[in-house]
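One structure is given below, encoded as structure tokens.
Read the numbers this way: they start at 1 and go in the same order the structure lists the ligands and their atoms.
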Amino acid sequence: MLISDKMVAAINKQIGNEFGAFLQYVAIAAYFGNDSLPELGKHFNQQAMEERQHAMKFVNYVLDAGGLPRFRPSRLPSRGSRARRRR
Ligand SMILES: [Fe+2]
């Protein structure tokens, strides 16, 4: 392996952060898309894909270095206050 275990662990943590951001943006896009604001939904979908790209760059870096990408999203999407009011 071309990088240390400590470096792999740090990058794996960042992969989780990137995927956590990805999921949050997907949730925001769904919220606006569901609220008849398709342009805002589209904007946040683009943001989501950008975060996914960041994550995949780190995944591929770890793989290229001979490491094992092991991660989970650092957070799950939170629901907005308006979404809670509808229930
Ligand atoms: Fe990012």
Checklist line | Stepwise side chain to side chain contact (heavy atoms under 4.5 Å, CB included) check, Arg52 with Met49 | finding: CA-CA 5 Å; Arg52 183 189 176 281; Met49 294 314 293; 3.7 Å; yes
Notebook entry, point to check: Got a second to check how far Leu76's CG is from Phe19's CZ, nearest 0.5 Å?
Noted result: 13.5 Å
Next item on the list: Assess whether side chain to side chain contact (heavy atoms under 4.5 Å, CB included) is satisfied between Val59 and Met56, documenting all intermediate values.
Entry: CA-CA 5 Å; Val59 166; Met56 292 309 298; 4.3 Å; yes
Next item on the list: Calculate, to the nearest 0.5 Å, the distance between atoms CE and CG belonging to Met7 and Leu2 respectively.
Entry: 12.0 Å
Check: In terms of side-chain heavy atoms, does Gln47 have a donor or acceptor partner in Glu51 at a distance below 3.5 Å?
Finding: no
Notebook entry, point to check: Rounded to the nearest 0.5 Å, how far does CD of Gln53 lie from CZ of Phe22?
Noted result: 11.0 Å
Item checked: the Fe ion (ligand 1): protein N, O or S atoms that are less than 2.8 Å away, sorted by chain -> Glu18 OE1, Glu51 OE1, His54 ND1
